[in-house]
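What you see is a predicted model, and the numbers here were worked out from it, not measured in a lab.
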Amino acid sequence: MDGELSAWALACLAAQVFALDPAGCGVLVLRAQAGPARERWLAVLQNLLPAGQRMRRLPLHATQDRLLGGLDLAATLQQGRPVVQRGVLAEVDGGVLLVPMAERMPRAMVSSLVGVLDAGELVTETEGVSMRAPCRLGVVLLDESQGDGDLLAAALLERASLVIDLSTVSMTDLHGEESYGMDAAEIERIRPRIGFVQVGESEAEAVCAIAAALGLQSLRAPLQVLRVARLLAALIGERAVDAAVLKQAVQLSLLLRATRVPQLPPSDDERQDEPPPEPPPTQNNAEDPPPAADAPEQEVSELPDQVLEAAVADLPADLLARLKLNELRLRQRGSAGRAGALQRVAQRGRSVGTRRGDPRQGLRLHLIDTLRAAAPWQRVRQAARPRPGLQVRPQDFRVHRYQQRRETTTVFLVDASGSAALHRLAEAKGAVELMLAECYVRRDRVAVLAFRGKGAEVLLPPTRSLVRAKRSLAGLPGGGGTPLASGLLAAAEMTEALRRQGQSVVLVVLTDGRANVGRTGQPGREQAFKDALDAATVLAGQQLAALVVDTSPQPQALAEQLADRMQAAYLPLPHARSNDLSAAVLAAQRAQGGA
């Protein structure tokens with residue numbers, strides 16, 4: 001366990017941990033598209049589960065009644081009395097539930113599943129049906145989200161003890177031994193060891209510090225890591241959790257759920273550059289006891305940094321960029337994303353459930369839910385007023401609830417001045433072209449502005465035309481002054497107009513932050529940067545999802561200060577290529593999708 005594991009080996013290790021205690025782990029999130037890697041991993045997990053604990057797949061279009069159990073509508077209408085049916089959760093009690101396309105699970109079903117996981121009990125009280133039964137199970141969520149649709153519900157992700165990503169696993173990685181020689185019989189032999197694994201106080205404190213460093217504020221996170229660590233220790237036959245086991249547990253449980261980049265301790269070279277700290281003033285007080293040389297306290301303070309540094313060293317290439325862009329989720333209210341912000345509509349869009357309503361007000365009647373609401377009352381209504389057929393009252397009417405996404409426009413503001421042309425203008429053009437192609441596939445709109453010389457210009461008004469976009473970028477010259485304030489104000493004017501049209505807007509600014517031309521067109525670095533900060537304040541007032549990409553060879557404090565004033569995410573890319581910048585913008589839109 002000391003060596004670095006590949007993504008596939010780490011995924012197989014997660015399967016072994018989960019198979020040891022599915023109900024104790026609760027939720028495992030598998031981020032992967034449908035394909036051989038995902039199917040092979042599911043086969044590995046299935047091979048590790050005992051014969052009586054097979055996985056049960058939740059049907060794609062299962063309703064909440066099918067999940068929890070409730071009224072059997074057909075039997076109820078046929079017999080004229082309420083007939084109860086068991087749900088999937090009751091049928092899978094003690095086993096593992098497999099949820100495909102978990103990112104599209106309706107909110108009501110998410111709440112129901114979370115309630116069962118937290119309480120360990122299945123409670124159904126609806127439409128005259130009341131049921132209560134113990135229910136303990138493990139849940140495997142297949143997360144296929146890529147930012148162009150819904151993201152996995154935060155309530156589910158918060159309860160995930162294990163999160164693995166198979167997006168980087170290739171076919172060659174799958175040729176190894178599936179579960180490294182382990183099967184269900186060996187898992188059964190290992191399971192009794194779990195109760196003998198001890199967790200020291202220093203390890204528990206380290207886990208709490210690491211969770212806080214990664215931005216996970218939930219009290220569940222440290223408990224989940226410690227449970228995974230105990231299971232890992234049991235797998236290798238250890239009686240105590242050490243730093244190596246803790247590092248592996250952090251990788252499996254926390255890293256892919258992190259919300260911010262951890263602050264790692266300075267390297268040896270950085271420590272040498274720092275001046276030595278001044279010794280604290282000493283006071284001779286006879287009543288104070290002499291300080292004890294307590295080595296364990298030093299180990300406690302160093303252990304989180306050691307474990308976190310080792311775990312972060314194995315992060316996926318694009319994860320740090322996604323963490324830096326996570327704050328974009330707070331820029332706009334609602335569920336905005338690459339496909340636009342969600343809005344409720346009455347007659348069209350994606351169905352998100354039903355509610356009580358009147359179809360005469362232009363709403364669409366949901367017939368099945370209406371019959372389901374009326375069915376339990378048939379015996380009472382027939383006794384009060386005998387009539388042939390089903391009696392439906394106005395209070396039984398259920399109507400569809402719909403939501404749809406607003407159009408998204410990504411506005412690129414490109415620094416085409418002399419300093420930027422010297423640094424990364426070619427890479428910026430390449431990144432914008434790649435993003436234009438992505439937006440064209442999604443039918444999103446793109447606009448491009450550039451600033452150089454004494455002002456800013458609109459190279460491309462909001463459009464879906466890929467040909468026009470590439471033509472406008474191909475003719476973008478470089479050189480001249482840096483009128484940063486003019487560029488930001490031009491972007492603010494465009495984004496405000498788009499927001500008035502009801503669109504969801506993402507702003508991406510590519511600059512090194514070295515303004516030298518003021519808003520009036522007069523040269524002067526000090527006034528130019530002051531004007532740029534004032535313009536950034538205007539953009540901050542719009543509360544946009546914004547990203548400042550520092551395109552200079554070395555990260556600039558000016559660009560970071562500009563991002564802070566804009567309330568935008570700051571991403572220094574000192575070694576950026578076109579693909580890197582494109583990936584950063586895609587991550588920004590994905591973060592916007594998780595708002």
From [X] [atom1] over to [Y] [atom2], what is the distance, rounded to the nearest 0.5 angstrom?
X    : Y    : atom1 : atom2 : answer
L254 : L162 : CG    : CG    : 10.5 Å
R86  : L122 : CZ    : CG    : 9.0 Å
E91  : C135 : CD    : SG    : 10.5 Å
S145 : Q33  : OG    : CD    : 8.0 Å
T354 : H366 : OG1   : NE2   : 6.0 Å
C208 : E203 : SG    : CD    : 12.0 Å

Heavy-atom side-chain contact between [X] and [Y] under 4.5 Å:
X    : Y    : value
M109 : V99  : no
R56  : V96  : no
L117 : V27  : yes
L252 : L13  : yes
I164 : L10  : no
L48  : M182 : yes
M101 : L142 : no
R364 : P359 : no

Taking all heavy atoms of [X] and all of [Y], pick out the closest pair and write down the distance.
X    : Y    : result
R132 : V123 : NH1-CG2, 3.5 Å
L231 : L20  : O-CD1, 3.6 Å
R257 : L216 : O-CD2, 3.2 Å
L28  : A14  : CD1-O, 4.1 Å
A229 : L246 : CB-CD1, 4.2 Å
P376 : R372 : CD-O, 3.2 Å

Flag for [Y]-[X]: side-chain donor and acceptor within less than 3.5 Å:
X    : Y    : answer
Q543 : R499 : no
S218 : E158 : yes
Q542 : T495 : yes

Query raised in the report: Hey, is CG on L60 packed in by over 12 heavy atoms from elsewhere, all under 6.0 Å?
Result: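 Result for CG/L60: enclosed.
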Report task. List in chain and number order the residues that pass side-chain contact (heavy atoms from CB on, under 4.5 Å) with P462, two or more places apart in sequence or in another chain; answer none if no residue qualifies. Result ->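 Here the qualifying residues are T409, R445, A447, M494, L498.
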**Report entry** Under 3.5 Å: donor-acceptor pair, side chain of T410, backbone of V446
**Finding:**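 No, because the side chain of T410 does not come within donor-acceptor range (under 3.5 Å) of the backbone of V446.
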Report task. State whether the side chain of T370 and the backbone N or O of R398 hold a donor-acceptor pair below 3.5 Å, judged by distance alone. Result ->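 Flag set: sc T370 to bb R398 pair under 3.5 Å.
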Requested in this report: Answer yes or no: is there an ion pair linking R38 with E144, defined by an N-O contact shorter than 4.0 Å?
Outcome: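 Salt bridge between R38 and E144, a charged N being under 4.0 Å from a carboxylate O: yes.
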Query raised in the report: Salt bridge or not for E103 and R31, using N-O below 4.0 Å?
Result: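 Not counted as a salt bridge, because no side-chain N and carboxylate O are separated by less than 4.0 Å.
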**Report entry** Worked verdict on L539 versus L544 for side chain to side chain contact (heavy atoms under 4.5 Å, CB included)
**Finding:** CA-CA 7 Å; L539 283 168; L544 295 172; 4.0 Å; yes
Query raised in the report: Quick one: which of R227, R136, R191 gives a salt bridge (charged side-chain N to carboxylate O under 4.0 Å, His left out) with D21?
Result: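 With D21 as partner, salt bridge (charged side-chain N to carboxylate O under 4.0 Å, His left out) holds for just one option, R227.
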Query - Criterion side chain to side chain contact (heavy atoms under 4.5 Å, CB included) on M55 and L97, from CA distance to verdict - result: CA-CA 6 Å; M55 286 188 291; L97 178 66; over 6 Å; no
Requested in this report: Could you check L98, L137, V139 and say which one makes a side chain to side chain contact (heavy atoms under 4.5 Å, CB included) with V92?
Outcome: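 Answer to the side chain to side chain contact (heavy atoms under 4.5 Å, CB included) test with V92 among L98, L137, V139: L137.
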Report task. Quickly, which of L235, V225, V17, V197 forms a side chain to side chain contact (heavy atoms under 4.5 Å, CB included) with R230? Name it, please. Result ->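 Only one of L235, V225, V17, V197 forms a side chain to side chain contact (heavy atoms under 4.5 Å, CB included) with R230, namely V197.
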Report task. Evaluate the side chain to side chain contact (heavy atoms under 4.5 Å, CB included) criterion for residues D369 and L371: first the C-alpha distance (whole Å), next the side-chain angles of each, then the deciding distance (0.1 Å), finally the verdict. Result -> CA-CA 5 Å; D369 280 5; L371 295 177; over 6 Å; no
Report task. Test side chain to side chain contact (heavy atoms under 4.5 Å, CB included) on L89 and L113 and set out the steps. Result -> CA-CA 9 Å; L89 292 181; L113 180 58; 4.0 Å; yes
Query raised in the report: Can you list every side-chain hydrogen bond (donor to acceptor under 3.5 Å, both in side chains) pair that touches residues 373-386, not counting sequence neighbours?
Result: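 Counting only pairs at least two positions apart or across chains, the side-chain hydrogen bond (donor to acceptor under 3.5 Å, both in side chains) contacts touching residues 373-386 are R381-D396.
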